[in-house]
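To keep things clear, I will list the structure first and then write my remarks on it.
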Amino acid sequence: MNIHEYQAKQLLKGYGVDVLDGGVVYSEVDAFTVAERLGGPIWVVKSQIHAGGRGKGKFKEAEAGKGGGVRLATSTRDVEKLAHQMLGNTLVTHQTGPEGRRVKRVYVEQGCDIRRELYLSILVDRKTSRVSLIASTEGGMDIEEVAAKTPEKIVSLAIDPVEGLQPYHARRVAYALRLTGNKQVRAMERQVSGLYKAFMELDAALVEINPLVITGDDRVVALDAKMSFDDNALYRHQAIENLRDEDEEDPAELEAVRHSLNYVKLEGNIGCMVNGAGLAMATMDIIKLYGGEPANFLDVGGGATKERVTLAFKLILADPNVEGILVNIFGGIMRCDVIAEGVIAAAREVSLNVPLVVRLEGTNVQLGKQILGESGLPIIAADNLADAAEKVVKAVKEAK
């Protein structure tokens, strides 16, 4: 689960991370009020959407004026004007895709005297299977671009899970970022310590500060903040769960979460309904092997009911890009006859008009196949996973 910049800063401030004062607003009038409270002489008005690259983004609407989703203001009236231009308009960045995201709130923040821009993040490193500190002198840039062009400018420190974060980790980061003077080094130690504590206690998946800035008076300040959390741990953090902004999430994925379905929309045209995450990944891989592109990851789980299967089918068909569906079920806990009944109920309810390939194996498989065969629906049966993938890719091509 992702949260907005201002929410991340509020959380991190509670862990001793140095952030600038600011306020989130939903109208230009409130923006003016917050700007007056903050004082000047410079303010920053930031669009709040769940996407990076806001500063370089572009608004679709002409009334949004020139500039991206992060702009400087030199008067309270400018703050009000910029908030008016951003609110309600659609910001397009390299992460939103061409459809963009509608800006429903903006963050008005104090300006500061920036001497240097750095990068700092904490994440779970799959290569080392440890929590790692990632730092770079190239703050303000996409870290992927830095990694591709100048990987030597990225420093990674894996944290031993038994030892935990130690003061020398923060000092190594400070020296790698070429901080000078005792004040800067100690400030970096406080920042790293606060970020790590927040990461661990809140079950975060990522904490990213880009840029982390050195100010003219040697403060080390989180000028931006991005946090994402492990969905599986949210039951332990109701306060974090309450920060969820459903307007920023895919409606289909939200609906899936409400019904305990694991659904992720992808860019392909072949919908997948599978039970088990590993089998779902294998199904997507073999679809690609046979020349197709999966439209989603969808795991209905081991104990899905007929109703959940029906909902899963509807989620797949709600995607206008879907031109064919592959149902791949191995019945262990899940029974093949339940899957068959759910598929038939959903296909009839939504008036199925794309090819449907079904591969069943396991508990009650013969009953499941019988139910499908007697349904009167144009369902293509498959004997195994390879056969299913080949048939659905072929059926989609023929339908075109």
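Phe229 and Leu195 fall within the same hydrophobic cluster, where Ile, Leu, Val, Met, Phe, Trp and Tyr residues are linked whenever their side-chain heavy atoms come under 4.5 Å apart, directly or through other members. Leu72 and Leu38 end up in different hydrophobic clusters when Ile, Leu, Val, Met, Phe, Trp and Tyr side chains are linked at under 4.5 Å. Under a hydrophobic clustering in which Ile, Leu, Val, Met, Phe, Trp and Tyr are joined whenever their side-chain heavy atoms come within less than 4.5 Å, directly or via other members, Val70 and Tyr6 fall into different clusters. Tracing side-chain contacts under 4.5 Å through hydrophobic residues (I, L, V, M, F, W, Y), one never reaches Met284 starting from Phe313; they form parts of separate clusters.
Look at Arg335 and Asp337 and you find a salt bridge, because one of the NZ, NE, NH1 or NH2 atoms lies within 4.0 Å of a carboxylate O, short of that distance. Ion pairing between Arg115 and Asp218 holds under the 4.0 Å rule for side-chain N and carboxylate O. The pair Asp319-Lys265 meets the salt-bridge criterion, since a charged nitrogen lies less than 4.0 angstrom from a carboxylate oxygen. The residues Arg219 and Asp18 are annotated as salt-bridged, a charged nitrogen and a carboxylate oxygen being separated by less than 4.0 angstrom. Classification of Asp217 and Lys183 as a salt-bridged pair fails, no side-chain N sitting under 4.0 Å from a carboxylate O. Using a cut-off of 4.0 Å between Lys/Arg side-chain N and Asp/Glu carboxylate O, Glu349 and Lys314 are scored as salt-bridged. Salt bridge Lys149/Glu145: present, at least one basic N to carboxylate O contact under 4.0 Å.
Between the side chains of Asp203 and His237, at least one donor N or O lies within less than 3.5 Å of an accepting N or O. With no hydrogens or angles considered, a side-chain donor-acceptor pair links Arg71 and Gln85 at under 3.5 Å. Side-chain N/O atoms of Thr33 and Asp30 include no donor and acceptor closer than 3.5 Å. At a cut-off of 3.5 Å, with distance as the only test, a side-chain donor of Glu201 or Tyr15 sits close to an acceptor on the other residue. Gln366 and Gln370 form no side-chain donor-acceptor contact under 3.5 Å, judged by distance and modelled atom types alone. Judged by distance alone, the side chains of Thr215 and Asp113 never bring a donor and an acceptor atom under 3.5 Å apart. Using modelled atom types and a 3.5 Å distance limit, the side chains of Thr90 and Glu61 yield a donor-acceptor pair. Between the side chains of Asn269 and Glu293, no donor N or O sits under 3.5 Å from an acceptor N or O.
Checking side-chain atoms of Ser193 against main-chain N and O of Glu189 turns up no donor-acceptor pair under 3.5 Å. Checking side-chain atoms of Asn89 against main-chain N and O of Phe59 turns up no donor-acceptor pair under 3.5 Å. The backbone N or O of Gly276 lies less than 3.5 Å from a partner atom in the side chain of Asp299, making a donor-acceptor pair. Remark: side-chain polar atoms of Asn384 are paired, donor with acceptor, to backbone N or O of Asp387 under 3.5 angstrom. Between the side chain of Lys391 and the main chain of Ile380, no donor-acceptor pair closer than 3.5 Å is present. Checked by atom type and distance alone, the side chain of Thr150 never pairs as donor or acceptor with a backbone atom of Lys153 at under 3.5 Å. Counting only distance, with no hydrogens or angles, the side chain of Gln7 and the backbone of Ile3 share no donor-acceptor pair below 3.5 Å. Of the possible polar contacts, none joining the Gln238 side chain to the Tyr235 backbone as a donor-acceptor pair under 3.5 Å is found.
In this structure, CZ on Phe330 lies 7.5 Å from OG1 on Thr363, to the nearest 0.5 angstrom. Atom CZ of residue Arg116 and atom CG of residue Leu212 lie 10.0 Å apart, to the nearest 0.5 angstrom. Distance check: Leu12 CG to Gln191 CD gives 9.0 Å after rounding to the nearest 0.5 Å. One distance of note links CD1 of Ile154 with CD of Glu144; it measures 9.0 Å at 0.5 Å rounding. From Leu326, atom CG reaches atom CD1 of Ile329 across 9.5 Å, with rounding to the nearest 0.5 Å. One finds the CG atom of Leu133 at 5.0 Å from the CD1 atom of Ile122 (value rounded to the nearest 0.5 Å).
Contact between Leu20 and Tyr107 at its shortest, heavy atoms only, is O-OH, 4.0 Å. Of all non-hydrogen atoms in Gly368 and Leu360, the two that sit nearest each other are C-CD1, 3.9 Å. Minimum heavy-atom separation, Thr93 to Gly57: CG2-CA, 4.2 Å. Nearest approach of Leu157 to Val173, heavy atoms of both residues: CD1-CG2, 3.8 Å. Taking each heavy atom of Met188 and Ala170 in turn, the nearest pair found is CG-O, 4.1 Å. Minimum interatomic distance between Pro161 and Arg130 (heavy atoms only, all atoms of both residues): CD-NE, 3.8 Å.
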Check the pair Arg54, Asp224 against salt bridge (charged side-chain N to carboxylate O under 4.0 Å, His left out), reporting the backbone distance first and the verdict last. CA-CA 11 Å; Arg54 292 170 296 160; Asp224 194 4; 3.2 Å; yes

Start with the C-alpha gap between Lys46 and Val44, add the side-chain angles, then the distance that decides, and say whether side chain to side chain contact (heavy atoms under 4.5 Å, CB included) holds. CA-CA 6 Å; Lys46 301 181 176 183; Val44 185; 3.8 Å; yes

Verdict with reasoning, Leu177 to Tyr119, per side chain to side chain contact (heavy atoms under 4.5 Å, CB included): CA-CA 9 Å; Leu177 297 178; Tyr119 174 93; over 6 Å; no

Could you walk me through whether Glu28 and Lys81 pass salt bridge (charged side-chain N to carboxylate O under 4.0 Å, His left out), step by step? CA-CA 7 Å; Glu28 58 266 32; Lys81 177 182 177 182; over 6 Å; no

Glu5 and Lys226: salt bridge (charged side-chain N to carboxylate O under 4.0 Å, His left out), yes or no, with the steps? CA-CA 6 Å; Glu5 171 197 355; Lys226 177 181 179 181; over 6 Å; no

For Asp247 and Lys104, run salt bridge (charged side-chain N to carboxylate O under 4.0 Å, His left out): C-alpha distance rounded to whole Å, both residues' side-chain angles, the deciding distance at 0.1 Å, then the answer. CA-CA 9 Å; Asp247 289 338; Lys104 297 185 177 180; 3.1 Å; yes

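The side chain to side chain contact (heavy atoms under 4.5 Å, CB included) test with Ser47 is passed by exactly one of Met86, Arg102, Arg105: Met86.
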